[in-house]
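One structure is given below, encoded as C-alpha cells.
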Amino acid sequence: MAETKTQIKSSLIDKVGMDAPLALDETTESAWIDVIQKMDKVYADLVHYQVELEQKNAELEEAQQFIRSVLESMTEVLIVCDIQGRILQVNQALEDLTGKPESELLGRPFNELFGLDSQPLVEQFAEKLGNDAIVDCEVNLVTLEGEAMPLAMNCSSRYDVKGRLMGMVLMGRPVGELRRAYEDLNKTHSELKQTQEQLVHSEKMASLGRLVAGVAHELNNPISVVFGNMHALKRYGERINQYIADVGAHIDPTLQQGLREKYRIDRIESDMGPLIEGTMEGAERISKIVLDLRRYSGVQKEKPEPFELKQVVLTATEWVIKAAREKPEVDYDLPHNCEITGRQGQVHQILINLIQNALDVMEGHQPMRLSIACGRDGNDAWIRVQDNGPGIAEGDMNKLFDPFFTTKDVGKGTGLGLYISYGLARDMGGNLSAENVPVGGAAFTLRLPLNGEHDG
Ligand SMILES: Nc1ncnc2c1ncn2[C@@H]1O[C@H](COP(=O)(O)OP(=O)(O)OP(=O)(O)O)[C@@H](O)[C@H]1O
Ligand SMILES: [Mg+2]
C-alpha cells in the first residue's frame with residue numbers, strides 16, 4: 001500500500017495546486033506527505049462513519065415502522081403516560097374512539113379521557129404506580145359522540161433501563177360489543193323461554209279445552225233426561241191434582257180435610273208448580289252454560305256462520321259490565337244490519353278481552369266512558385272499543401300483542417288476553433290493532449272479512 005514518493009508528490013501537487021518540485025525541500029516534503037496521509041485517513045474514517053450512520057438510521061426507521069404498524073393494527077386502546085400522568089403516546093384505536101389526533105392528546109392528563117363516573121377508579125391507577133398491575137378494571141372512555149364507552153382496562157408501570165419508574169402504560173379493550181352480544185343472547189334466551197312457556201300454556205289450554213268439551217258433551221245427555229222428565233212430571237203433577245180434586249168431590253168433606261192435612265196436600269199443591277218451573281229453569285241454564293263452554297273451549301273449531309255484529313257486541317259488553325265493580329257509561333254506535341259470516345264465539349271472546357282491558361285501565365278514572373262502535377268498510381266489518389283511560393305508553397305500543405306482556409300487578413294479568421285475541425283475529429282472516437286517541441284513552445279495532453275467512 002505504501003505510496004512512492006513520486007506518487008505522493010504528484011498527489012500533493014494536485015491538492016495544493018502549485019509547482020511543488022520547485023518549492024519543496026526534503027523535510028517540508030515529508031511533512032506535507034504526513035499531513036496528506038492523515039487527511040486521507042480522516043476522510044476515509046468519515047466516509048465509513050457516514051455509511052454506518054446511514055445503516056443505523058435505516059434500521060431505526062424500520063424498527064419505528066414496525067412498532068407503528070403494531071400499534072395501528074391493535075384494536076385495544078393504548079395510552080403511555082409519564083410519572084405525572086401526562087400522555088406521551090397513544091395509538092390509532094384511541095384516536096379513532098375519541099376523535100382526537102395524537103398531537104392534541106400529547107401532554108394532556110390521561111384522566112381527561114374518562115367519564116366522571118370513572119374518575120375514582122382512574123385515580124387509583126396513578127396511586128398504584130410502582131405496585132401491582134391493575135387488571136380488567138372497567139372504566140368509561142368518553143367517545144367522539146360524547147358517549148361513555150366501557151373499556152376493560154389493564155394498567156402497568158413503566159421503567160427505564162436503569163430500573164427507574166418512568167410512568168405507566170394503559171391498555172383497554174372495548175367491552176361494548178361483547179356486552180351487546182351478551183345482551184342479544186340474553187334477549188333471545190328470554191324470548192325462547194317465553195315461547196316455551198307459551199307453548200306449554202297453549203298445550204295446557206288445549207287440554208283444558210278438550211276436557212271442558214268432553215265434560216260438556218257428557219253433560220248433554222243427563223240434561224236432556226232432566227228436561228224430558230221434568231216435562232213429564234209437570235204433566236203428571238197436573239193430572240194428579242186433577243185426580244185429587246175429582247176424588248175429593250166424592251168423599252165426605254171432613255174426611256177429605258183430615259186426609260189433606262195428614263198428607264199436607266195443600267202445601268204440595270202450591271209448591272209443585274214453582275218446584276217444577278224452577279227445576280226446568282235451572283236445567284235450561286245448565287244447558288246454555290254447556291253450550292257456551294263447548295263454543296269457547298275452542299277445541300272443536302266453530303264453523304263460520306252468519307250473525308249480527310250488534311248482538312255479539314251487546315252480549316259481550318253486558319257480560320263484562322255485569323261482573324265489574326265500577327260500571328262505566330257506554331256509548332253504542334251499532335247499526336242494525338251489520339251481518340257477517342264468521343265465528344261468533346271467537347269474536348265474542350276477543351270483545352270480552354278488549355272490554356275487560358278497557359274497564360281495567362279506566363278503574364279509578366271518573367267518569368269511566370266506553371265507546372263501542374261497529375260498521376262496514378268495503379269487504380270488511382270493524383268493531384272499535386274505545387276508553388277514556390290513560391292510553392298506551394309510547395314504549396309499550398309494539399309490545400301489546402306479545403305473549404305475557406302485562407303492566408298489571410303480579411297475579412292480576414297474565415298478559416295473554418291481547419296475544420290470544422290477535423291470534424284469533426288472524427285465524428279468522430282479520431286483524432286487531434291499537435292506537436291512542438287524541439282526546440285521551442286507547443282504541444282497539446277488530447277488522448274481520450264480511451264474508452267468511454280469507455285464505456290463511
Ligand atoms: N285499553 C287499554 N289502555 C291502555 N293499555 C292497555 C289497554 N288494553 C291493554 N293495555 C295494555 O296491554 C297490556 C296487555 O294486555 P293483555 O290483555 O294482553 O294482558 P293483561 O290484560 O295484562 O292480562 P290478561 O288479559 O291476560 O288478564 C295490559 O297489561 C296493558 O298494559
Ligand atoms: Mg287483558
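Note that ligands are numbered from 1 as they come in the structure, with each ligand's atoms numbered from 1 the same way.
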Which atoms of the protein, restricted to N, O or S, are nearer than 2.8 Å to the Mg ion (ligand 2)?
Asn357 OD1

Modelled atom types, side-chain donor and acceptor of Gln257 and Glu261, under 3.5 Å
yes

Which pair of heavy atoms, one from Thr75 and one from Pro174, lies closest together, and at what distance?
O-CD, 4.1 Å

Can you list every protein residue that has a heavy atom under 4.0 Å from any atom of ligand 1, sorted by chain and residue number?
Asn357, Val361, Asp387, Gly391, Ile392, Leu400, Phe405, Thr406, Thr407, Lys408, Gly413, Thr414, Gly415, Leu416, Gly417, Leu418, Ala442, Phe444

For Lys310, I'd like to know if atom NZ has over 12 heavy atoms of other residues, nucleotides or ligands within 6.0 Å.
yes

For Glu72, give me all partners under side chain to side chain contact (heavy atoms under 4.5 Å, CB included), at least two apart in sequence or on another chain.
Arg68, Gln92

Does Thr445 reach the side chain of Glu435, with side-chain heavy atoms less than 4.5 Å apart?
yes

Could you pull out the closest heavy-atom pair between Ile352 and Ala316, with the gap in Å?
CD1-O, 4.1 Å

Closer than 4.0 angstrom, basic N to acidic O: yes or no for Arg447 and Asp377?
yes

Please determine whether a side-chain nitrogen of the Lys or Arg among Lys187 and Asp184 lies less than 4.0 Å from a carboxylate oxygen of the Asp or Glu.
no

Partners of Phe307 by ring pair (Phe, Tyr, Trp, His ring centres under 6.0 Å), sequence neighbours excluded?
none

